[in-house]
Protein chains: 2
Amino acid sequence: MTTSSTTQGARARARIEVTAAIKDEARRQLAAEGAAKLSLRAVARQLGMVSSALYRYFPSRDDLLTALIIDAYDSLGERAEAAHHAVADAGPLSRWTAVCEGVRDWALAHPHEYALIYGSPVPGYSAPDTTVPAASRVGLVLIGIVREAHEGPGLTDVPLPTELRPEAERMTADLAPDLPTEAVTALVAAWAQLFGLVGFELFGQFNRVVEDRGRFFRHAVAGLGRGVGLR
Amino acid sequence: MTTSSTTQGARARARIEVTAAIKDEARRQLAAEGAAKLSLRAVARQLGMVSSALYRYFPSRDDLLTALIIDAYDSLGERAEAAHHAVADAGPLSRWTAVCEGVRDWALAHPHEYALIYGSPVPGYSAPDTTVPAASRVGLVLIGIVREAHEGPGLTDVPLPTELRPEAERMTADLAPDLPTEAVTALVAAWAQLFGLVGFELFGQFNRVVEDRGRFFRHAVAGLGRGVGLR
DNA sequence: TCATTGTGTGAGCACTGCTCTCGCTTGAGA
DNA sequence: TCTCAAGCGAGAGCAGTGCTCACACAATGA
């Protein structure tokens with residue numbers, strides 16, 4: 001045991017490659033057919049291996065899905081971070097809408113992966129804690145925008161009823177102790193509402209209702225940003 | 001042919017009963033295990049019939065799901081309408097939050113049915129137009145609240161950028177020509193955002209983030225209502 | 001009365017996730 | 001350098017799935 005260093009034997013390198021190949025093929029099937037039709041046997045078949053061999057790499061279908069979920073969160077998180085960096089010198093509200101549009105663009109480009117992470121959780125499946133860091137990335141970008149606004153041009157005041165103050169302060173301590181608790185609370189709500197907009201567009205709820213969805217989305221998320229105190 | 005009247009033969013009545021029994025058992029399995037694990041064979045087994053017999057009533061698994069979807073939409077719609085009637089003499093904003101809380105309560109009580117209609121669409125499944133009337137009921141309740149506010153105490157002004165005006169007027173003509181286009185546009189956005197809040201709570205996105213979810217929800221939807229112009 | 005229709009049966013197809021045993025190959029320690 | 005456990009792939013097999021089809025029986029309407 002105690003095999004430590006980076007340059008492992010051919011065995012270990014092969015394992016990494018095969019694992020990646022399985023995930024790639026699985027992602028391809030996911031994009032083509034959706035999570036429910038992702039079949040271990042079909043993945044193995046496509047890779048020219050027998051289905052049981054695949055269990056050497058992923059102990060179950062759910063574990064494969066978990067790997068794909070983490071990748072999807074990371075992919076979306078990267079997109080949000082990239083969108084943020086691309087408009088680094090704009091005002092807070094512009095940065096906010098840019099990040100939101102990055103999220104929407106990613107979702108439209110990867111509908112099945114979006115459904116995997118923000119749609120209904122698959123069967124009895126419940127995401128393990130492993131996914132938490134990747135899942136947090138979009139939220140962290142949004143917090144970053146509020147923070148920069150707070151330290152820079154400032155935030156407008158948003159109301160917070162007293163009955164919610166204990167919970168608001170709990171959340172603030174957890175998420176961003178350096179920010180006004182009103183802004184943090186509004187941010188959490190806006191975060192959820194953002195994905196309501198994206199989900200409704202993606203899952204067909206806007207069919208026959210909203211046509212010019214890009215413009216509608218831009219307007220709606222600008223409203224969200226203002227609700228958080230950005231300007 | 002041309003069998004017309006209500007009091008059909010025993011055959012027809014039996015068909016209705018069996019159809020209902022199938023849906024009931026299917027709903028039971030849906031609530032217990034979720035849509036993906038709903039099995040025609042298991043339903044048939046539970047009902048003491050052979051699986052192929054079930055195809056006399058529902059031509060495919062998707063058709064059974066469609067029936068359940070419509071029922072779920074109707075159940076949710078009823079709940080929203082009941083919540084509305086229960087606070088008929090309150091102010092518009094109170095009525096708004098009451099309806100939103102009705103939606104949330106229903107979702108928490110029927111998580112799998114909620115996932116079925118507002119989560120990611122099942123496999124390759126895409127909901128047929130049959131579901132539209134049932135799916136519209138919650139939206140109609142919300143429109144009704146805005147209408148009563150408009151005809152009664154009035155709506156506060158909400159901004160609408162000129163670039164969105166054409167789309168906003170299209171939506172208004174479709175949904176509620178008698179209401180201010182600013183309010184209708186804001187309403188559509190709030191409608192989607194409402195389900196973002198519900199979905200995040202139900203699908204675990206609020207785990208480790210929001211604890212006092214009832215209060216948080218109440219606060220957030222009050223903000224949504226204000227964004228539409230209610231007071 | 002008789003033919004048509006509706007309904008339940010059971011076998012069967014092609015597929016799924018997953019398990020288990022069997023050998024081959026690899027690579028680290030003696 | 002040799003050895004032997006561990007890693008890995010093959011294949012058979014189990015229990016389950018959605019769905020189809022030929023068949024038999026019962027209800028219905030002409």
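These figures come from a predicted structure and were not determined experimentally. So you know, we letter chains A, B, ... as the sequences are listed, proteins then strands, and number each from 1.
Proximity note for B:Y57 (side chain, C-beta onward) versus D:dG9, C:dC18, C:dG8: the nearest is C:dG8. Relative to the side chain of B:A53, the nucleotides C:dT9, D:dT17, D:dA12 differ in distance, and C:dT9 lies closest. Of the candidate nucleotides D:dT17, C:dT9, C:dC18, C:dC18 has the atom nearest to the side chain of A:Y55. Comparing C:dC18, C:dC15, C:dT7 against the side chain of A:R45 picks out C:dC15 as the nearest. Comparing atom distances between the B:R11 side chain and each of D:dG9, C:dC15, D:dA27 picks out D:dA27 as nearest. When distances run from any side-chain atom of B:R56 to the nucleotides D:dC19, D:dC23, D:dA10, the shortest one goes to D:dC23.
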Strictly under 3.5 Å: I want the nitrogen or oxygen pairs between protein and nucleotides 12-14 of chain C, one per line.
from: C:dG12; atom 1: O6; to: B:R41; atom 2: NH2; distance (Å): 3.4

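Using a 3.5 Å distance cut-off with no hydrogens or angles, the side chains of A:D63 and A:T66 do not pair a donor with an acceptor.
Rounded to whole angstrom, the span from the NZ atom of B:K37 across to the P atom of D:dG16 amounts to 13 Å. If you measure from atom CE of A:M49 to atom P of C:dC18, you get 16 Å, rounded to the nearest angstrom. The distance from atom CG of B:L47 to atom C1' of C:dT9 is 16 Å, rounded to the nearest whole Å. The CG atom of B:L64 sits 14 Å away from the P atom of D:dT17 (whole-angstrom rounding). Atoms CG (B:D62) and P (D:dT17) sit 17 Å apart, rounded to a whole Å. Computed from coordinates, the B:F58 CZ to D:dC19 C1' distance equals 16 Å when rounded to whole Å. Across the protein-nucleic acid pair, A:L40 atom CG and C:dT19 atom P stand 11 Å apart, rounded to whole Å. Regarding A:R15, its CZ atom lies at a distance of 14 Å from the C1' atom of C:dT26, rounded to whole Å.
Comment: A:D24 does not engage A:R28 in a salt bridge, judged by the lack of any side-chain N to carboxylate O separation of less than 4.0 angstrom. Salt bridge present: A:E167 and A:R170 bring a charged side-chain N and a carboxylate O closer than 4.0 Å.
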Task: A:I145 and A:H84: CA distance, side-chain angles, deciding distance, side chain to side chain contact (heavy atoms under 4.5 Å, CB included) verdict - done: CA-CA 8 Å; A:I145 293 175; A:H84 188 206; 3.6 Å; yes
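Distances shorter than 4.0 Å separate some side-chain N or O of A:R61 from OP1 or OP2 on C:dG17.
Applying ring-ring contact (aromatic ring centres under 6.0 Å, His included) to B:F195 and the options B:F203, B:F217, B:Y118, B:F200 leaves one that passes, B:Y118.
Nucleic acid contact class of B:L54 (heavy atoms, under 4.0 Å, all strands): none.
A:S52 contributes no side-chain N or O that forms a donor-acceptor pair with the base of D:dG9 under 3.5 Å.
Between B:S51 and B:A44, the shortest heavy-atom contact is CA-CB, 3.6 Å.
For the atom pair B:S120 OG and A:L116 CG, the distance stands at 8.0 Å (nearest 0.5 Å).
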